[in-house]
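Throughout, protein chains are lettered first and strands after them, A, B, ... in sequence-line order, and every chain is numbered starting at 1.
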2 protein chains.
Amino acid sequence: MAERHSTLRAQRRAQTQRTIQAHAIRLFTARGYDATTMNEIAEAAGVSPMTLYRHFPTKEDLVLTDRHGELIAEHLAASPAEGPLTHRIARALIAAATALTGDDAADDREFLLVRLQLMIATPALRARHLDNQYALQQAITSALHDDAADSDAADPDPADPDADFQAQAAASACLAALHTAMVRWAEDDGRSDLPHLIGRALAAVFGDEVVEPAR
Amino acid sequence: MAERHSTLRAQRRAQTQRTIQAHAIRLFTARGYDATTMNEIAEAAGVSPMTLYRHFPTKEDLVLTDRHGELIAEHLAASPAEGPLTHRIARALIAAATALTGDDAADDREFLLVRLQLMIATPALRARHLDNQYALQQAITSALHDDAADSDAADPDPADPDADFQAQAAASACLAALHTAMVRWAEDDGRSDLPHLIGRALAAVFGDEVVEPAR
DNA sequence: TACCTATCTGGTAGTGACTATCACGGTGGT
DNA sequence: ACCACCGTGATAGTCACTACCAGATAGGTA
């Protein structure tokens, strides 16, 4: 079957990616990001530099490859479309963080923590990560835009560009608060509760009406 | 005099920097940022690649070199320390934007516009710019921190880390709104009023109590 | 005027991330 | 047993950026 075929291939591919990434992050934390060359990573992982570039097109992807954006988008789509935009986004961010750092994801949490600490300490990674967050902001606002267009399909949106602009500002502020919380969490070595930190950061921006995540 | 000496040198230096930067941005807008090499810029500006690197340590600095951060910090220090943090930062951002895009700065405004459009369109520049904004957020919060320590020198700050965290979240949200406004302004080809856009973006985040700039 | 020193400038030879192109080998399906 | 395809690999090259060194020039001084 073509399906079993591609799933097997995909599994092997995912496995080698995990191996490469583990070696890369181990070397980055030991020697520093800039002081580690791609050739050294390839050698440590037992592959050729070519293969390394096939799996991770850039050096930054070795640290920043994750599916947080998709996770947030899923939570955003699954949550009820009620309340102000900022509250909807806040709920999605807190829910995604809960899923990523809950007690049943200790390995993921540790992995996330190390990568965040690398990201904070390395200018190139910090910059790329902030640009990823910017792309995520655009994805969120366009998803919300489509949402609104679906529910009021007959409404020709008279003040639409203004609403778009306001939604972009609100979403980018939410993600800025998220980033502040993640940095603080990483600086605490993950000892504090990330969802709670995100809630407090959002409360500092929007006021105290932001709710705690629904269990 | 040593002063006149260094002033003359500094003037010549600033002049060559302006020349190099003008050629660079002309080439970037004509051919694209990535498609323009540093050697081509050096040749167009009539200097050697070495001199180019002495004046602009990285290719990104050819577009992103500005003193906006200092400008905002000055407005922040000069403005009265009254009202919530977010309002103080908002006033400083709007005042700085007014100074940069006012009618008596048409050249600067045009130059700023072209560079912003390059920044938006080029991933590497976008990422660096967002990291610069992050550094600016840290500068703002540490300046506000010192401010508070000066005024209540006798107060040993019982809840200080929490206040720091909230100030960071608030400042990063302000800068996120600023970025949203700048992007919109650049997409409008500078036809709209940047200080007004910033005020609207901040109002979308914090509510409508943000004031218009004092003339 | 002659000297001296700091700064500006330029060339050479590298390092390292990343790409294009070609070729080989093993795996999956007919 | 054959074929097609995907993953892997080597080679050579581009480009941003960095020492290291040498010459020119402009400011201040004896």
Side-chain angles (χ1 to χ4, degrees), chain A residues 1-21 23-25 27-28 31-65 118 122-128 131, chain B residues 1-21 23-25 27-28 31-65 118 122-128 131:
Chain A
M1 290 269 184
E3 283 189 10
R4 249 187 72 214
H5 161 116
S6 34
T7 31
L8 281 177
R9 296 269 236 236
Q11 280 177 2
R12 294 190 76 83
R13 187 177 175 79
Q15 180 55 42
T16 60
Q17 282 186 0
R18 270 191 296 270
T19 304
I20 292 174
Q21 201 178 23
H23 282 280
I25 289 181
L27 290 174
F28 288 160
R31 310 185 195 172
Y33 178 82
D34 292 320
T36 308
T37 72
M38 293 292 267
N39 287 355
E40 289 171 347
I41 298 167
E43 195 177 1
V47 297
S48 83
M50 287 298 314
T51 308
L52 184 54
Y53 281 110
R54 295 220 194 273
H55 286 277
F56 298 92
T58 73
K59 193 178 179 183
E60 291 138 8
D61 288 324
L62 284 163
V63 179
L64 299 181
T65 289
L118 270 174
T122 311
L125 293 175
R126 228 172 31 219
R128 256 293 297 271
D131 194 45
Chain B
M1 291 270 186
E3 282 189 11
R4 250 187 73 213
H5 161 119
S6 34
T7 338
L8 281 176
R9 295 269 237 234
Q11 280 177 2
R12 291 190 79 83
R13 186 175 175 82
Q15 180 53 43
T16 59
Q17 282 185 0
R18 270 192 295 271
T19 304
I20 291 173
Q21 201 178 22
H23 281 281
I25 289 183
L27 290 175
F28 287 159
R31 311 184 194 171
Y33 178 82
D34 292 322
T36 307
T37 71
M38 292 294 265
N39 287 353
E40 289 170 347
I41 297 168
E43 195 177 2
V47 295
S48 82
M50 288 297 313
T51 307
L52 183 54
Y53 280 110
R54 296 222 193 273
H55 287 277
F56 299 92
T58 75
K59 193 178 179 183
E60 292 139 8
D61 287 324
L62 284 163
V63 180
L64 298 182
T65 289
L118 270 174
T122 310
L125 293 176
R126 228 170 34 218
R128 257 292 298 269
D131 194 46

Mind calculating the distance between CD1 (B:Ile41) and P (D:dA16) to the nearest angstrom? 8 Å
From B:Ile20 atom CD1 to B:Arg54 atom CZ, the distance as rounded to the nearest 0.5 Å: 12.0 Å
How close or far is atom C1' of D:dC15 from atom CZ of B:Arg31, stated in whole angstroms? 15 Å
Compare all side-chain heavy atoms of A:His55 with those of A:Asp61 and state whether any distance is below 4.5 angstrom. no
B:Thr16 and B:Val47, any side-chain heavy atoms less than 4.5 Å apart: no
Hey, is the main chain of B:Glu60 close enough, under 3.5 Å, to the side chain of B:Tyr33 for a donor-acceptor pair? yes
From CD of A:Glu43 across to P of D:dG9 the rounded distance in Å is 13 Å
Between CZ of A:Arg128 and C1' of C:dC18 the distance, given in whole Å, is 14 Å
Using a 4.5 Å cut-off on heavy atoms from C-beta on, say whether the side chain of A:Leu62 contacts that of A:Leu52. yes
A:Thr122 vs A:Phe28 side-chain heavy atoms within contact, under 4.5 Å: no
Send over the distance from B:Gln15 CD to C:dT9 P, rounded to a whole Å. 12 Å
Ignoring backbone atoms, establish whether B:Arg12 has a side-chain N or O less than 4.0 Å from OP1 or OP2 of C:dC8. no
Strand-adjacent residues in residues 50-63 of chain A, judged by heavy atoms under 4.0 Å from DNA chain D: A:Met50, A:Thr51, A:Arg54, A:His55
Starting from P on D:dG27, measure out to CD on B:Gln11 and report it in whole angstrom. 12 Å
